[in-house]
Amino acid sequence: DVKVTQSSRYLVKRTGEKVFLECVQDMDHENMFWYRQDPGLGLRLIYFSYDVKMKEKGDIPEGYSVSREKKERFSLILESASTNQTSMYLCASRRIGTQYFGPGTRLLVL
Amino acid sequence: QQQVKQSPQSLIVQKGGIPIINCAYENTAFDYFPWYQQFPGKGPALLIAIRPDVSEKKEGRFTISFNKSAKQFSLHIMDSQPGDSATYFCAASKEDDYKLSFGAGTTVTVRA
């Protein structure tokens, strides 16, 4: 079974803090993704990585950056958290079209 | 701008009913159409997927209907059960593309 794990299920941060969200997959997938999920908006792609050290912006990259130093790990960074980044963050890895999602991190920025 | 439009936003059915979720897309280059199911507190999981060379695909009680000329596809849940209560997302992509374009999601509640 493919397993995608995310470092935290819930996080509470203050405005202006630097926030790291980590994702690990155990199936040697090349492609990894970060989405945010908001009610009524579905899943919106923030960034994706098609290989180690390779990344591309998704539909809503502003205010975010990513890092992929190892194949199994993909990190999302909020350089200076803002209240409008309060959301559910989902990580996924991909094999032949199918994306496999982690359980999500619910982030609250106060 | 969302490339895949999904409706309704939510629906409630009685056990045994057939909830139907509809999606429409614009990009005629899309050739892979998956549906994902998400239970509360979990990430989405692939439920069923279809390619445009077929008009219908069934897996258990879940059926996708696909209308290429109308650029629409839909999910039917036959003989729905309370355990089917979840949020369902349609999506679309070109098969060789990394990215999926997701619909906004439909929350289905099946009452016992």
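Order of the sequence lines sets the chain letters (A, B, ...), proteins ahead of strands, with each chain counted from 1.
Looking at L41(A), only its backbone comes within 4.5 Å of chain B, counting heavy atoms on both sides.
From L47(B), atom CG reaches atom CD of E59(B) across 7.5 Å, with rounding to the nearest 0.5 Å. The OH atom of Y64(A) sits 9.5 Å away from atom CD of E62(A), with the distance rounded to the nearest 0.5 Å.
Note on R106(A), R9(A), R44(A), Q37(A): by heavy-atom pairs under 4.5 Å with chain B, the leading option is Q37(A).
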*How far apart are the C-alpha atoms of F101(A) and Y35(A), what are their side-chain angles, what is the distance that settles it, and do they pass the ring-ring contact (aromatic ring centres under 6.0 Å, His included) test?*
CA-CA 10 Å; F101(A) 285 84; Y35(A) 294 89; 5.6 Å; yes

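A donor-acceptor pair shorter than 3.5 Å can be found between the side chains of H29(A) and S93(A). Under the 3.5 Å distance criterion, with hydrogens and angles disregarded, a donor-acceptor pair is assigned to the side chains of Q6(B) and T106(B). Counted by atom type alone, S69(B) and N67(B) present one or more donor-acceptor pairs between their side chains at under 3.5 Å.
Of the possible donor and acceptor atoms, none in the side chain of R51(B) sits under 3.5 Å from a partner among the backbone N and O of V54(B).
Contact residues of residues 22-44 of chain B toward chain A are Y32(B), Y36(B), Q38(B), G41(B), K42(B), G43(B), P44(B) (heavy-atom distance under 4.5 Å).
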